[in-house]
Amino acid sequence: MPQEIPKAYEPQEIEEHWAKAWYEENLFRAENSGNPKLAGDAQPRFSIALPPPNVTGSIHIGHMLEHTQIDMLVRWHRMRGERTLWLPGMDHAGIATQFVVERMLAAEGVRRQDLGREEFERRVWRWKAESGGVIKQQMIRLGASCDWTREKFTLDPALYRSVLEAFLRLHREGLIYRGRYMVNWCPRCQTAISDLEVVHNERAGNLWHIRYPVADSKEFLVVATTRPETMLGDTAVAVHPEDERYAHLVGKKVMLPLMNREIPVIADSYVDREFGTGVVKITPAHDPNDFEVGKRHNLPEIDVMTDDAHLNADAGKYAGLERFVARGRVIADLEALGLMEKITEHTHNVGTCDRCKAIVEPRLSTQWFMKMKPLADEAKKAVTGEFGPAAEIEVVPDNQRTILLQWFENIRDWCISRQLWWGHRIPIWHCAGCKEMIPATSSDVEIVDGHARAAGIPAKCPKCGSEKLAQDKDVLDTWFSSALWPFSTLGWPDDSEDLRTFYPTSLLISGYDILFFWDARMIMVGLHLAPGASEKDRIPFRRLYLHSLVRTAEGAKMSKTKGTGVDPLQLTQQYGTDALRYMLASMAAPGTDIALTEDRILGARAFANKIWNAARFLFMNLEKAEASSGITLEELAAPEIRSAAPYAVKGEGELVHRWIFSRLAATSAEVSKALDEFRFHEACQTIYHFFWGDFCDWYIEWVKPQLSSTDRDVAVPAWRNIFAVLDTALRVLHPV
RNA sequence: GGGCGGUUAGCUCAGCGGUUAGAGCGUCCCGCUUACACCGGGAAGGUCCGCGGUUCAAAUCCGUGACCGCCCACCA
């Protein structure tokens with residue numbers, strides 16, 4: 001202890017000092033935890049994987065909430081003598097990172113296409129180094145007690161190997177397939193995106209009622225549409241099979257206006273007689289429903305758009321126009337021809353790209369998909385406990401379980417290929433001759449230019465013998481590698497020591513916003529691919545806790561790419577990490593989101609200060625007591641002396657000592673229980689009350705005279721007691 | 001169209017079957033008592049959204065209505 005203890009807690013220097021020391025000494029290596037006397041299965045274990053932050057910038061306060069909660073549990077388990085691993089790492093975040101880098105390039109007036117794939121990748125790697133470094137420093141500074149010796153990145157060679165192994169296995173099993181289907185196409189990012197990456201917003205729009213002249217007749221069929229420009233790709237018009245109004249026209253042809261193409265009138269029960277006119281134009285290449293209808297009726301599929309959402313040559317005279325320009329032109333032309341029956345107002349859902357907000361175009365495209373049904377069925381059983389209690393994944397809070405199960409119930413296949421340059425390249429080669437698709441011969445990787453590439457390059461086409469093979473240009477959805485995270489980071493597919501020791505992980509803590517993106521897919525993929533004879537060995541985690549989200553005082557969600565994130569380091573400078581962590585933890589009630597307000601941080605800072613001062617008081621008075629009654633720190637701090645507390649104190653006040661110890665025991669028990677049930681806020685509140693109310697306000701005040709007594713029979717036991725209490729209280733507090 | 005939350009003190013929120021409903025911040029009085037004014041002592045302040053029900057007992061459980069918010073969904 002320094003001579004002069006500052007009056008107020010000055011967190012900056014102290015916290016930074018310890019954070020650095022912890023990191024440099026690798027204090028939190030898994031090897032440093034646990035009870036050395038216990039070997040093998042007798043040693044209790046606790047393992048948890050960090051949800052890898054995206055390397056799209058730096059972490060914000062929301063990450064810090066997550067990390068604080070994880071850290072509390074990790075420290076708590078470590079203190080209880082368990083072999084504890086918190087494995088950190090980061091995610092390459094394919095589309096998100098590529099978007100960020102593209103945006104930076106745009107500021108220089110450069111497009112990624114100008115640079116070419118290789119150069120662009122180099123730029124992203126450079127950005128990754130920068131961003132990843134920042135994130136790591138932030139986490140260290142914020143005191144996250146993870147094992148940095150095991151840090152991973154989703155594009156590490158070892159993890160690419162896991163990805164290859166997973167892909168090849170699933171492909172071999174027929175769970176990964178390639179095909180031409182309707183996908184969500186983002187014209188800005190110029191890639192397909194999964195259903196989950198589409199955000200639907202209600203927007204005011206119109207319903208355009210267009211007359212399609214019936215061939216060889218004076219009649220019209222009036223169709224209603226929200227996207228008139230897609231009519232250029234119509235290949236049929238549909239009515240309900242039992243709709244008497246139109247029964248006589250089924251099987252006839254109508255003339256598609258503007259394109260002057262004859263298309264059939266078909267009957268399909270998909271049509272809702274009540275909506276609009278009861279007649280639907282069918283555009284199989286640009287609408288998911290129409291695509292299904294088209295398949296049922298063997299309709300041609302005419303894609304009228306280009307990758308960047310301009311109309312293509314199949315759109316006749318509209319070719320080259322941007323889609324919304326074309327819409328205007330189509331409407332004007334229809335009106336000029338007198339074929340626009342009417343225009344009504346209509347609000348409808350518009351899908352936008354989660355990343356760049358561009359309006360998504362449903363579009364026919366050849367992509368890689370993952371068959372989800374069989375995987376989801378198994379995952380469901382793990383969540384409902386059908387595999388037995390040992391293989392049950394407990395979901396907290398409980399209502400999220402329902403949500404998860406519903407999602408498994410209604411699962412659809414997952415489009416896993418992305419037309420991006422940043423990510424895991426698909427290990428399939430296409431034969432130039434016979435179009436055969438040849439998978440990599442192994443999941444081995446080689447290092448080229450410092451980064452991993454698939455090494456199992458097939459030499460020639462097994463079907464036609466051609467040697468003109470080219471690797472698929474697409475990369476995998478970033479969540480594909482994320483789905484493997486709990487075991488890929490531990491060495492899978494190798495049978496590694498870490499994998500045997502720490503898999504399945506004990507727990508996953510993630511935000512509920514990525515429940516489907518990540519958590520659900522980990523369960524499905526882990527259950528299918530992870531090693532182990534039974535389900536209980538393959539589930540990726542035994543418990544799943546979905547934490548709430550930190551919002552701004554106005555309730556907006558935080559996001560780095562949107563620039564609404566709050567930098568935790570800045571707040572740390574102002575209030576101290578401990579205060580921030582405490583504040584976050586104390587607000588982390590399951591199920592409700594957190595609005596960030598300064599008040600709460602101030603309260604937390606006051607608490608940190610209180611603790612500091614309580615300790616300061618004791619140390620300052622100890623010096624005096626040394627003089628008056630000859631007490632030494634050694635007499636108090638030795639573990640065997642502490643553990644023998646409480647000591648009987650001569651004279652009055654015996655009860656007070658007994659009281660504080662009973663309160664301490666109760667507090668400690670309550671905190672443990674709260675932590676075990678993820679009630680972080682209650683744990684905080686309990687300690688707060690004990691420390692401030694019981695310990696400071698009552699106990700210290702009461703014991704003050706005893707501490708300064710010259711009678712050693714009074715002073716020594718009193719001191720011993722108060723030190724034991726302080727020590728234990730700080731230990732209870734340590735997780736926070 | 002389905003599902004999930006929320007509505008409690010001036011503000012932000014906890015509590016979710018059992019004595020006078022809590023916390024932080026704010027407000028009002030009183031205190032520089034040898035750790036702390038980022039403090040201590042005290043006080044004011046609440047038909048726990050409305051209505052109906054279950055119960056010896058309800059902010060807490062059930063039903064219903066209202067108003068907010070979120071998620072999922074292929075009605076053109």
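Computed from a predicted structure; not experimentally measured.
- Inspection of the Tyr212(A) and Asp234(A) side chains reveals an N or O donor paired with an N or O acceptor under 3.5 Å.
- Nucleotides G46(B) and U12(B), compared at atom C1', are 16 Å apart to the nearest Å.
- Aromatic ring centroids of Phe275(A) and His346(A) lie under 6.0 Å apart.
- Partners of Glu670(A) under the salt bridge (Lys or Arg N to Asp or Glu O under 4.0 Å) rule, at least two apart in sequence or in another chain, do not exist in this structure.
- For the salt bridge (Lys or Arg N to Asp or Glu O under 4.0 Å) test, no residue two or more places apart in sequence or in another chain qualifies with Arg600(A).
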Using a 4.0 Å cut-off on protein heavy atoms (strictly under), produce a 5'-to-3' string for nucleotides 34-46 of chain B with B for base contact, S for backbone-only sugar-phosphate contact, and - for none. -BBSBSSS-----
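- In this structure Glu682(A) satisfies the side chain to side chain contact (heavy atoms under 4.5 Å, CB included) test together with Ala674(A), Arg679(A), sequence neighbours excluded.
- Annotation: G45(B) and C28(B) have their P atoms spaced 16 Å apart (nearest Å).
- With a 4.5 Å cut-off on side-chain heavy atoms, Gln69(A) and Tyr545(A) count as touching.
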Expected output check: what is the dot-bracket annotation of RNA chain B, where ( ) and [ ] are pairs inside the strand (brackets for crossing ones), | is paired with another strand, and pairs are Watson-Crick or G-U under 3.5 Å? ((((((((.[[[[.)..(...]]]].(((((.......))))).....[[[[[..)....]]]]])))))))....
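- Put simply, CD1 on Ile302(A) and CE on Met259(A) are 7.0 Å apart, with the number rounded to the nearest 0.5 Å.
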Kindly give the atom pairs (protein nitrogen or oxygen, nucleotide nitrogen or oxygen) under 3.5 Å for nucleotides 74-76 of chain B.
{"unit_1": "C74(B)", "atom_1": "OP1", "unit_2": "Arg412(A)", "atom_2": "NH1", "d": "2.4"}
{"unit_1": "C74(B)", "atom_1": "O2'", "unit_2": "Asn289(A)", "atom_2": "ND2", "d": "2.6"}
{"unit_1": "C74(B)", "atom_1": "N1", "unit_2": "Asn289(A)", "atom_2": "OD1", "d": "3.0"}
{"unit_1": "C74(B)", "atom_1": "O2", "unit_2": "Asn289(A)", "atom_2": "OD1", "d": "2.2"}
{"unit_1": "C74(B)", "atom_1": "O2", "unit_2": "Asn289(A)", "atom_2": "ND2", "d": "3.2"}
{"unit_1": "C75(B)", "atom_1": "O2", "unit_2": "Asp272(A)", "atom_2": "OD2", "d": "3.1"}
{"unit_1": "C75(B)", "atom_1": "N3", "unit_2": "Asp272(A)", "atom_2": "OD2", "d": "3.0"}
{"unit_1": "A76(B)", "atom_1": "O2'", "unit_2": "Ala224(A)", "atom_2": "O", "d": "3.0"}
{"unit_1": "A76(B)", "atom_1": "N6", "unit_2": "Asp272(A)", "atom_2": "O", "d": "2.7"}
{"unit_1": "A76(B)", "atom_1": "N6", "unit_2": "Phe275(A)", "atom_2": "O", "d": "2.7"}
{"unit_1": "A76(B)", "atom_1": "N1", "unit_2": "Asp272(A)", "atom_2": "N", "d": "3.2"}

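- U20(B) and U7(B) have their P atoms separated by 23 Å, given to the nearest Å.
- Here the separation of C11(B) from A43(B), taken at their P atoms, is 23 Å to the nearest Å.
- Between Phe517(A) and Trp479(A), the ring-plane angle classifies as parallel under the 30° and 60° cut-offs.
- A cation-pi arrangement is absent between Lys295(A) and Tyr181(A) under the rule of less than 6.0 angstrom and at most 45 degrees off the ring axis.
- Taking atom C1' on both nucleotides, U8(B) is separated from C48(B) by 4 Å, rounded to a whole Å.
- Rounded to an integer number of Å, the gap from CD of Glu202(A) to P of C70(B) is 12 Å.
- Note: CZ (Phe516(A)) to P (C4(B)) measures 13 Å, nearest angstrom.
- Here the CE-OH distance, from Met231(A) to Tyr318(A), works out to 8.0 Å after rounding to the nearest 0.5 Å.
- Legend: residues meeting salt bridge (Lys or Arg N to Asp or Glu O under 4.0 Å) with Asp377(A), ordered by chain and number and at least two apart, are Lys373(A), Lys380(A).
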Please list, for nucleotides 28-31 of chain B, all pairs of protein and nucleotide N/O atoms separated by less than 3.5 Å.
none

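- The nearest whole Å value for the distance from the CG atom in Asp513(A) to the C1' atom in G69(B) is 16 Å.
- Among all heavy-atom pairs drawn from Leu580(A) and Leu571(A), the shortest one is CD1-CB, 3.6 Å.
- Listed by chain and residue number, Arg327(A) satisfy the salt bridge (Lys or Arg N to Asp or Glu O under 4.0 Å) test with Glu229(A) (two or more places apart in sequence, or in another chain).
- Comparing G42(B) with G63(B), their P atoms are spaced 44 Å from each other, to the whole Å.
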Between the protein and nucleotides 11-17 of chain B, list every N/O to N/O distance that falls short of 3.5 Å.
{"unit_1": "A14(B)", "atom_1": "OP1", "unit_2": "Thr592(A)", "atom_2": "OG1", "d": "2.4"}
{"unit_1": "A14(B)", "atom_1": "O3'", "unit_2": "His681(A)", "atom_2": "NE2", "d": "3.4"}

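- Summarising the geometry, atom CD1 belonging to Ile393(A) is positioned 9.5 Å from atom CG belonging to Leu508(A); distances are rounded to the nearest 0.5 Å.
- With salt bridges taken as basic N to acidic carboxylate O contacts below 4.0 Å, none links Asp578(A) and Arg581(A).
- Distance, Phe690(A) CZ to A23(B) C1': 19 Å, rounded to whole Å.
- Taking the P atom of each, A59(B) and C49(B) are spaced 10 Å apart, rounded to whole Å.
- On the P atoms, G52(B) is 23 Å away from G6(B), given to the nearest whole Å.
- Annotation: proximity of residues 401-411 of chain A to RNA chain B (heavy atom, distance under 4.0 Å) is found for Gln406(A), numbered in ascending order.
- Evaluation of the ring pair (Phe, Tyr, Trp, His ring centres under 6.0 Å) rule for Phe408(A) yields no partner, not counting sequence neighbours.
- For the pair His240(A) and Ser269(A), the minimum side-chain heavy-atom distance is below 4.5 Å.
- To the nearest 0.5 Å, atom OH of residue Tyr270(A) and atom CG of residue Asp290(A) are 5.0 Å apart.
- Each of Ile331(A), Leu334(A), Thr344(A) was checked for a side-chain contact (heavy atoms from CB on, under 4.5 Å) with Trp208(A), and the lone residue meeting it is Ile331(A).
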